[in-house]
Q: 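Below you will find the structure I want to go over with you.
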Amino acid sequence: MAGGWRALLRAARRYPWPTNVLLYAALFSAGDALQQRLRGGPADWQQTRRVATVAVTFHANFNYVWLRVLERALPGRAPRAVLAKVLCDQAIGGPVAVSAFYAGMSILQEKDDIFLDLKQKFWNTYKSGLMYWPFVQLTNFSLVPTHWRTAYTGLCGFLWATFLCFSQQSGDGTFKSAFTFLHMKEAGAVERPPEK
Ligand SMILES: *[C@@H]1O[C@H](CO)[C@@H](O)[C@H](O)[C@H]1NC(C)=O
């Protein structure tokens with residue numbers, strides 16, 4: 001297990017771009033599959049494929065380039081540099097990634113207005129991201145031991161992808177809509193008579 005993890009990290013260092021593409025495809029696909037499970041109903045693999053397509057064509061590459069640009073502009077792990085990177089990421093990287101996700105999904109779903117979701121959900125989603133990512137990044141750099149950071153970042157990315165897919169398909173971009181949904185579902189599960 002530890003050996004496999006180390007081999008994975010080594011491969012990631014040697015082949016950062018393909019690893020990034022695979023990682024993003026996996027995180028977003030798994031996130032979409034999870035939120036579909038939680039919402040109930042039959043699995044919509046076409047939807048998962050669209051999510052993976054957006055992640056592979058846009059997010060994996062954008063993230064790859066963006067993180068390098070940020071690191072070059074604001075190198076190092078000193079608190080000031082980390083804080084500046086977090087701020088830049090929230091000011092530029094976050095909005096770009098959220099917009100590309102909503103618009104990209106709408107294009108693949110062949111919606112009439114590819115900017116409608118974006119217009120309706122962007123601010124909510126952006127605000128949710130502002131509550132989430134700076135917290136994730138700062139804990140990453142201050143609390144999480146170095147050898148767990150990749151896994152921690154992956155886990156947080158997975159949770160975010162799950163939330164993003166839920167928001168795109170049935171939420172409105174607020175954490176509240178996701179939690180309300182989960183809560184109602186749980187309450188419903190209690191009231192419903194057991195199946196089979
Ligand atoms: C967590 O820290 C590592 C470096 O130790 C970095 O590569 C990674 O991007 C960070 N993740 C987040 C979400 O800040």
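Start at 1 with the first residue, then count along the sequence. Numbering of ligands and ligand atoms starts at 1, following listing order.
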Q: Within the structure, does Thr146 bring an N/O atom to less than 3.5 angstrom of an N/O atom in ligand 1?
A: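 N/O-N/O distance below 3.5 Å does not exist for this pair.
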
Q: Mark whether atom 9 (O) of ligand 1 lies under 4.0 angstrom from at least one protein heavy atom.
A: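 It does not; no protein heavy atom is within 4.0 Å.
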
Q: Taking the six-membered ring for Trp and the full ring for Phe, Tyr or His, determine whether the centres of Phe163 and Tyr132 are under 6.0 Å apart.
A: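 No, the ring centres sit 6.0 Å or more apart.
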
Q: When you compare the side chains of Gln168 and Gln109, does any donor N or O come within less than 3.5 Å of an acceptor on the partner?
A: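 Per modelled atom types, Gln168 and Gln109 side chains form a pair under 3.5 Å.
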
Q: Has ligand 1 got any nitrogen or oxygen that is less than 3.5 angstrom from a nitrogen or oxygen of Thr153?
A: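 Min N/O separation from ligand 1 is below 3.5 Å for Thr153.
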
Q: How far is atom 3 (C) of ligand 1 from its nearest protein heavy atom, and which residue and atom is that?
A: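 Here the closest protein heavy atom is Asn140 ND2, 3.7 Å.
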
Q: Against heavy atoms of Gln137, which atoms of ligand 1 measure under 4.0 Å?
A: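 Per the distance check, 12 (C), 13 (C), 14 (O).
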
Q: Enumerate the atoms of ligand 1 whose separation from the nearest heavy atom of Arg77 is less than 4.0 angstrom.
A: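 Selected atoms, number and element: 4 (C), 5 (O).
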
Q: Considering the heavy atoms of Phe141, write down every atom of ligand 1 situated less than 4.0 Å from one of them.
A: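 Listed by number with element: 2 (O), 14 (O).
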
Q: When clusters are formed by joining ILVMFWY residues with side-chain heavy atoms under 4.5 Å apart, either directly or through shared neighbours, do Phe181 and Phe175 land in the same one?
A: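 Phe181 does not cluster with Phe175.
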
Q: Would you call Asp117 and Lys111 a salt bridge, taking side-chain N to carboxylate O under 4.0 Å as the test?
A: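 Salt bridge: yes.
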
Q: Please determine whether the number of non-hydrogen atoms from other residues, nucleotides or ligands lying under 6.0 Å from atom CZ of Arg37 exceeds 12.
A: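 Counting neighbours around CZ of Arg37, 12 or fewer heavy atoms of other residues, nucleotides or ligands fall under 6.0 Å, so no.
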
Q: Got the closest protein heavy atom to atom 5 (O) of ligand 1, with its distance?
A: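 Heavy-atom neighbour on the protein nearest atom 5 (O) of ligand 1: Arg149 CD, 3.1 Å.
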
Q: Going by side chain to side chain donor-acceptor pair (under 3.5 Å), name the pairs with one or both residues in residues 120-130, residues two or more places apart or in two chains.
A: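 For residues 120-130, and leaving out neighbouring residues, the side chain to side chain donor-acceptor pair (under 3.5 Å) pairs sorted by first residue read Tyr102-Thr125.
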
Q: Before giving the answer on salt bridge (charged side-chain N to carboxylate O under 4.0 Å, His left out), spell out for Asp113 and Lys119 the whole-Å C-alpha distance, their side-chain angles and the decisive distance to 0.1 Å.
A: CA-CA 10 Å; Asp113 182 355; Lys119 277 185 275 190; 3.6 Å; yes

Q: Should the proximity of Tyr152 to ligand 1, defined as any heavy atom under 4.0 Å, be assigned to the side chain, the backbone, both, or neither?
A: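 For Tyr152, no heavy atom sits under 4.0 Å from ligand 1.
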
